[in-house]
Amino acid sequence: MDMEQSELVIPRQLLCCKLCDEEFTKPCYLPCLHTFCQKCIDEHRVNSTDDDGYFPCPTCMTEVGLEEEHGGQGNLPENILARRLSVPTIDPIKRETLCFYCKNAGNFVEGKTHCVNCDEFLCTSCTNSHTAQEEFADHQLQSEEDYNASLEKSSSTTTQGQVLTVCCEAYDPLDIGAMFCVECDISVCADCHVNKHAEHRCAELMTIAQHFETKIKEPLKELDNDSEEISEFLVNLDSTEQTILEQKDSLKQNVRDRTKQLCSLIKDYQKLLLDDIERRFDDQLEEIKTRRLDLEMHLEAIRGVKDFTNNLITYGSYEEKVHLRKKVGYRIRELCEESLGTDPIQIHSVRLMEPNVTVDTICDMFGTISTEEQSVGTIAGDTKENPPTSQHFQRYHSFGDSGHGSDSMENAENVETEPELVEIFGKTHGDLQRQDSKQSGSDSDMLSSSNSSDKIKNVKFREQVEQSEFQNENVFNLENPKREVVLPAPIQKECIKGIGINEKGDIIVGTTTTIHVLEKRGIVRGQIPLENGWNIHSVASDGKVSMTVPRGDNRFKVRVLRNDGTGHILSDFNVESFGLNFVTADKSGTLIITSNRYAQIHKSHGKAAKSGGNIAFYGSDGYLLRRITNEDFHANLLEKPQMVVVDEKRSRTYVADPGSHKVIALNSEGGLAFEYGNIEGQEEIYQGPDLISIDKYGNVIVTDKREGRIDILGHKGNLKKSFYTDDIPRFVGATPDKLLVTAMPDGNMKFYEYLS
């Protein structure tokens, strides 16, 4: 690795898996060149492989058959580039001494103790909380000095494997006689070069890598052109769809206007016509949706190859470029020869014929619906005088066709005038038609081989299906905030436990040492220091702060403070609970605790813990009033109940359960008011949900961090709106002045209008 490459700034997305959004762990890549963690892609394979042994790429939907690709072993090749770039640039021992829990909260607190079982460092405060929990009570702890000693011992034996295969143990990449045999695809020393590879094509690694960089630029330019043209056509599709929808609405309004003239005599006929219009337009809209999904998948495949190749060229070493050159070339050639699918869609122009208005011919007064065909370019184009012709789309074919289109064929035929294409494509028109998809060992063919399979268009990835199904007037991107507030720097430096907003709009921030009260513009107006021994356990979305002190044997001292910023106690007593997932209280002081286990009395061996999500309510005297379990619902609704919010006005309690992937609403009697979330056998809605809150109108705000989705539900469980964001919020709630609030880990809070 030369000095210029080592000084480049590596983008975070290059080192992060798109499935878990974390830094790569054992990165491996698919034939389409998208990279994922080994564990993540294995889980995806288990859940997505069809009966024929194929599974789709999570990003571009390219079908992958590992048994065929890798000789029946089913193992994915390791992304050596991502593996090398993922190595930390700072001292790993020094970095690993940061407290695990505090670091996840955005604070960097030095750890004092190392948990051997969790393999994480903990500060003094988090160590006490860690060991106080029953499931971590048997974990082994060691001092920082013992950990450093063991780490130094293990790191001294760590070695890094070769990127390229070498001829023998005597091979030294720094030897002036070291070469790379192109025909054998192996690095050779000077002796092996003379004795075994003298008749082979051999060259220096740097020469081969530079040759790869030069030859790959031309097909990359072609992919750039394809990407631009697909993007333009997608914009044209959006305009066409809007025209169709406007025409549809206009025709339906005409039908309604004529219905008013005929009153009740033509009500039945009105319904028949409306149904007919729905059927006619739905067929056209479905065709557009299908075409859009195909184009978006193809565009994502192109972007993935471009990103992978550009990153390889920019950050890769010579060995990495040589190792990956064939894979990259085959994939680019495959995309270059695949049709773009931008041929025109024939749109039927539907209109209502003028009626012959007589009482005796009621049906004729409505007129009949006629259909005319128009291409997408004619409807959505900028000019009407010169509509696009079929020659304008001559290059593009449907996804089932082999070859990249007429332009590619012309380029292949005119190689005499374009010598660069002779080296890049290395094939004539006839050769391309007879091309075999299998890999060739020759460098001159590495960009020519392709797989013209059209299976990619038949794959539907879950996220893309959901995007298609939810593309309606109630789905929005969360953008253009009305205002932004940044938490003060001293608060950001602390370990933030939670954030809430009270009914006055004040922002309540709980940290490891202090409860901060800020007015809506982010100005601190009060601080409440924590008493010795108390730790903040939960901060509800309405600003109630819950604190706990472990007493041992599943007993806890629990205290909940009011959300008015005064620090006055709302609930304060001892409880017995097998774990605490979330703690809060209502205005009357009734304590609400969610957990994954609860106590059960057996005649033979007394009290024991029973697994199962549950919600416990404790009165002001500390006695258990009610415990709600799955037995109360006669259904498995509670698995890992977490966050709770109470709607005092409507006597509702809402619970977010990321285990069952549902939102559960309880009435004042503890009965089920409604449930909303994933249903077995249907498309998934949530991977969480993780956060839940309510606004002043009784709407329930549900957040799924991993999906980047924020749903607005009515108090009866009906979905009103959905917002999507690229960020992962720490807190989502609502202010009294009708603004949706998101708080990010960097301390930035954004306020959006969401009810308009």
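Just so you know, these numbers come straight off a predicted model, no measurement behind them. One-based numbering along the sequence shown.
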Shortest non-hydrogen contact between [X] and [Y], atoms and distance:
X      : Y      : answer
Lys662 : Asn678 : NZ-O, 2.7 Å
Ala734 : Ile701 : CB-CD1, 3.7 Å
Thr594 : Pro641 : OG1-O, 3.3 Å
Ala585 : Val560 : CB-CG1, 4.0 Å
Gly589 : Ser571 : O-OG, 2.6 Å
Thr511 : Ile536 : O-CD1, 3.1 Å

Report the distance from atom [atom1] of [X] to atom [atom2] of [Y], rounding to the nearest 0.5 Å.
X      : Y      : atom1 : atom2 : answer
Glu648 : Asp542 : CD    : CG    : 8.0 Å
Phe36  : Cys20  : CZ    : SG    : 10.5 Å
Glu241 : Lys248 : CD    : NZ    : 10.0 Å
His715 : Tyr697 : NE2   : OH    : 15.0 Å
Arg709 : Gln687 : CZ    : CD    : 11.5 Å
Glu120 : Cys99  : CD    : SG    : 9.0 Å

Query raised in the report: Are a donor atom and an acceptor atom from the side chains of Asp690 and Thr703 found within less than 3.5 Å of each other?
Result: no

Query raised in the report: Will you find, in the side chains of Asn614 and Ser595, an N or O donor that is under 3.5 Å from an N or O acceptor?
Result: yes

Requested in this report: Just jot down the ring-ring contact (aromatic ring centres under 6.0 Å, His included) partners of Phe136, sequence neighbours excluded, or say none.
Outcome: His130, His139

Report task. Output all residues satisfying ring-ring contact (aromatic ring centres under 6.0 Å, His included) with Phe556, sequence neighbours left out; order by chain, then residue number. Result -> none

Is there side-chain contact between [X] and [Y], with heavy atoms separated by less than 4.5 Å?
X      : Y      : value
Arg706 : Asp21  : no
Pro58  : Ile41  : yes
Thr127 : Lys112 : no
Met643 : Ser541 : yes
Phe617 : Ile628 : yes

Pair [X] + [Y], salt bridge at N-O below 4.0 Å:
X      : Y      : value
Arg292 : Asp238 : yes
Arg45  : Asp42  : yes
Glu531 : Arg559 : yes

Please name all residues satisfying side-chain hydrogen bond (donor to acceptor under 3.5 Å, both in side chains) with [X], sequence neighbours left out, ordered by chain then number.
X      : result
Gln492 : none
Tyr754 : Asp695
Thr590 : Ser588
Asp727 : none

Quiz: residues 497-510 side-chain donor-acceptor pairs under 3.5 angstrom, not counting sequence neighbours:
unit_1: Asn502; atom_1: OD1; unit_2: Lys504; atom_2: N; d: 3.1
unit_1: Asn502; atom_1: OD1; unit_2: Gly505; atom_2: N; d: 3.1
unit_1: Asn502; atom_1: OD1; unit_2: Asp506; atom_2: N; d: 2.8
unit_1: Asn502; atom_1: ND2; unit_2: Asn563; atom_2: O; d: 2.9
unit_1: Asp506; atom_1: OD2; unit_2: Arg525; atom_2: NH2; d: 2.5

Going by side-chain contact (heavy atoms from CB on, under 4.5 Å), name the residues that satisfy it together with [X], two or more places apart in sequence or in a different chain.
X      : value
Glu246 : Gln242
Cys16  : Arg12
Pro481 : Glu484, Lys750, Tyr752

Report summary line: Of Leu672, Asp657, Val655, Thr629, the one forming a side-chain contact (heavy atoms from CB on, under 4.5 Å) with Leu637 is Leu672

Report summary line: The salt bridge (Lys or Arg N to Asp or Glu O under 4.0 Å) partners of Glu753 (sequence neighbours excluded) come to Lys482

Requested in this report: Report the residues that fulfil salt bridge (Lys or Arg N to Asp or Glu O under 4.0 Å) with Lys610, sequence neighbours left out, ordered by chain and then residue number.
Outcome: Glu631

**Report entry** Residue pair Tyr598, Phe578: steps toward the ring pair (Phe, Tyr, Trp, His ring centres under 6.0 Å) verdict
**Finding:** CA-CA 6 Å; Tyr598 59 95; Phe578 285 91; 8.8 Å; no

